[in-house]
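Proteins come first, then strands; the chains are lettered A, B, ... in the order of their sequence lines, and each starts at number 1.
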There are 2 protein chains.
Amino acid sequence: MRSTHVADRVTAAALDLFATQGYATTSVQQIVEAAGVTKGAMYHYFQSKDDLLFAIYDRMLALQKSHLDQIVAVGGAVEDVVRDVCVDVVETSIDFLPEGTVFFRSMHMLAEPRLKEVTQRRREYHDEFAALLRRGQDEGVFRTDVPRSVLVAHFFSDVHYLSHWYSPDGPETKTEVAQQLTELFLRGIRTATT
Amino acid sequence: MRSTHVADRVTAAALDLFATQGYATTSVQQIVEAAGVTKGAMYHYFQSKDDLLFAIYDRMLALQKSHLDQIVAVGGAVEDVVRDVCVDVVETSIDFLPEGTVFFRSMHMLAEPRLKEVTQRRREYHDEFAALLRRGQDEGVFRTDVPRSVLVAHFFSDVHYLSHWYSPDGPETKTEVAQQLTELFLRGIRTATT
DNA sequence: TCGCACAAACCGACCAGACGGTACGCCCGC
DNA sequence: GCGGGCGTACCGTCTGGTCGGTTTGTGCGA
């Protein structure tokens, strides 16, 4: 850890502290102390405290982007596609649990243009998912008596809530949880029964 | 508004600002300005900034307590009981949407003993719900291939996520959303099909 | 009905400290 | 010797919170 580069140590410490304490509550003093670095060194690599936040966001942004591309390309029976997508989203959300926590806790800086980009990407994400569900509805596989927006929210609520209860040290592996949550979701939105 | 009592105006302004900006980001200056009150007046009724936060929490706490008592008293077929509970929880969560937002955004002050009380009540809440689900599992109505803790999280994720997408001004009424989310959840956790 | 006394309500100027950020100089590899 | 990487001392600002004093409401004796 000591041998790793200064910038990496700082971002790692910032991610940890932001996730546990929140952005506004964490001071740059705390960050540089946790990273074993002086303030001068930190401000040599980052322009501001906000920069640290956006560095974290950027990681999620890249992740979401790659996700989106992957998902759309896949074909097959709509229910299988949705299943794959859901499992994948949950798993990677677990991998990036701290980043997600920081993001969801610090969304109040909506004026920031840089944050808007992440939020927009997030919206595209949801829209893409909604389009997938629509395909299922058109094929008569998914129920139509509930608004699609509610269906979408119903899934992403699971993803979002992960940071409030899931622990990698807990009894369930991320794969298990991903499959279980996906199964619960799919059963909920299906018309026919299997 | 101007005629209402000072303390009420302050708590209302604090709730609004905390919900939109977050606790740490909001200064007492902002609060007293929004409430049309001087800082001296505010500190006459509240001991500290934290006091304002706990005043908001207390409202949720009382709500949860009354909920818990009501729910346990009710009898009937387990699925109907669960359905009633879920609908009720979602509806009241919508009524107290800002309070919920503030609570979920400011949980990082875990050292505070007063916050632990709210958190503990929340845990009891979940445990009570888990016990209900267990009854359903014992009767063979709810599936047992998914850990009960995951089932509980699957429901409360919906409740928690409401503040991120639901708007009273939107197309769906709170009753509709409550019934729809409950239906999705119930379908997901049932063994048999109806 | 008035005057008075006393407490509660409220004001606004004022801390001490912490905050994010900067200026400047050292120091070491090239 | 020179330039990027980094340490240190420091700045202006804003923060939560305080404090002495003033106003306002209210009960009560005459």
Side-chain angles (χ1 to χ4, degrees), chain A residues 1-58 102 105-115, chain B residues 1-58 102 105-115:
Chain A
M1 177 66 94
R2 188 125 307 257
S3 64
T4 52
H5 197 268
V6 168
D8 293 336
R9 295 222 303 273
V10 171
T11 47
L15 174 57
D16 184 38
L17 286 169
F18 288 168
T20 54
Q21 302 180 349
Y23 174 75
T25 319
T26 305
S27 70
V28 297
Q29 287 286 1
Q30 282 182 280
I31 296 170
V32 296
E33 281 173 15
V37 165
T38 62
K39 218 187 326 188
M42 184 218 121
Y43 272 96
H44 177 72
Y45 290 102
F46 300 94
Q47 288 196 352
S48 65
K49 188 187 172 187
D50 288 359
D51 249 31
L52 289 171
L53 190 61
F54 291 124
I56 293 169
Y57 284 175
D58 282 344
V102 172
R105 279 239 195 104
S106 320
M107 283 209 267
H108 43 74
M109 311 175 75
L110 286 165
E112 288 285 345
R114 292 177 66 180
L115 179 57
Chain B
M1 178 64 97
R2 185 123 311 255
S3 64
T4 53
H5 196 269
V6 169
D8 293 336
R9 296 221 305 274
V10 171
T11 46
L15 174 57
D16 184 37
L17 287 168
F18 288 168
T20 54
Q21 303 182 349
Y23 174 75
T25 319
T26 305
S27 71
V28 298
Q29 287 287 1
Q30 283 182 279
I31 296 171
V32 295
E33 280 174 16
V37 165
T38 62
K39 221 196 305 198
M42 184 221 121
Y43 272 96
H44 177 73
Y45 290 102
F46 301 94
Q47 288 196 351
S48 65
K49 187 188 173 188
D50 289 359
D51 249 31
L52 288 171
L53 190 61
F54 290 123
I56 294 169
Y57 285 175
D58 282 344
V102 172
R105 278 237 196 104
S106 322
M107 284 209 265
H108 43 72
M109 313 177 73
L110 287 164
E112 288 285 344
R114 290 177 66 182
L115 179 57

Query raised in the report: So how far off straight is the helix from dT1(C)-dA30(D) to dC30(C)-dG1(D), going by the axes through five pairs at either end, to 10°?
Result: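 Helix axis angle between the two ends: 0°.
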Would you name the heavy atoms of [X] and [Y] that are closest together and state the gap between them?
X         : Y        : result
Ile56(B)  : Leu15(B) : CD1-CA, 3.7 Å
Phe46(A)  : Thr11(A) : CZ-CG2, 3.5 Å
Ser106(A) : Tyr23(A) : OG-CB, 3.7 Å
Ala14(B)  : Leu52(B) : CB-CD1, 4.2 Å
Arg105(B) : Phe18(B) : NH1-O, 4.0 Å

Name each donor-acceptor pair under 3.5 Å that joins a side chain in residues 27-42 of chain B to protein atoms two or more places apart or in another chain, with its distance.
from, atom 1, to, atom 2, distance (Å)
Ser27(B), OG, Gln30(B), N, 3.2
Gln30(B), OE1, Ser27(B), N, 3.2
Gln30(B), NE2, Gln21(B), OE1, 3.3
Thr38(B), OG1, Ala41(B), N, 3.4

Query raised in the report: Listed by chain and number, what are the ring pair (Phe, Tyr, Trp, His ring centres under 6.0 Å) partners of Tyr45(B), not counting sequence neighbours?
Result: His5(B)
**Report entry** Span of DNA chain C, from the first to the last nucleotide whose atoms fall under 4.0 Å of chain B heavy atoms
**Finding:** dA9(C) to dG12(C)
Requested in this report: Go through the structure and list residues passing side-chain contact (heavy atoms from CB on, under 4.5 Å) with Asp16(B), not counting sequence neighbours.
Outcome: Thr20(B)
Requested in this report: Give the rounded distance in Å between these two atoms: NE2 of His44(B) and C1' of dC19(D).
Outcome: 14 Å
Query raised in the report: Within the structure shown, what part of the strands sits under 4.0 Å from Val37(B) by heavy-atom distance: base, sugar-phosphate, or nothing?
Result: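 Nothing, no heavy atom under 4.0 Å.
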Hey, what are the protein-to-nucleotides 12-16 of chain D N/O distances that come in under 3.5 Å?
from, atom 1, to, atom 2, distance (Å)
dG16(D), OP1, Thr26(B), O, 3.4
dG16(D), OP1, Lys49(B), NZ, 3.0
dG16(D), OP2, Val28(B), N, 3.0

Query - Set of salt bridge (Lys or Arg N to Asp or Glu O under 4.0 Å) partners for Asp51(A), sequence neighbours left out - result: Arg114(A)
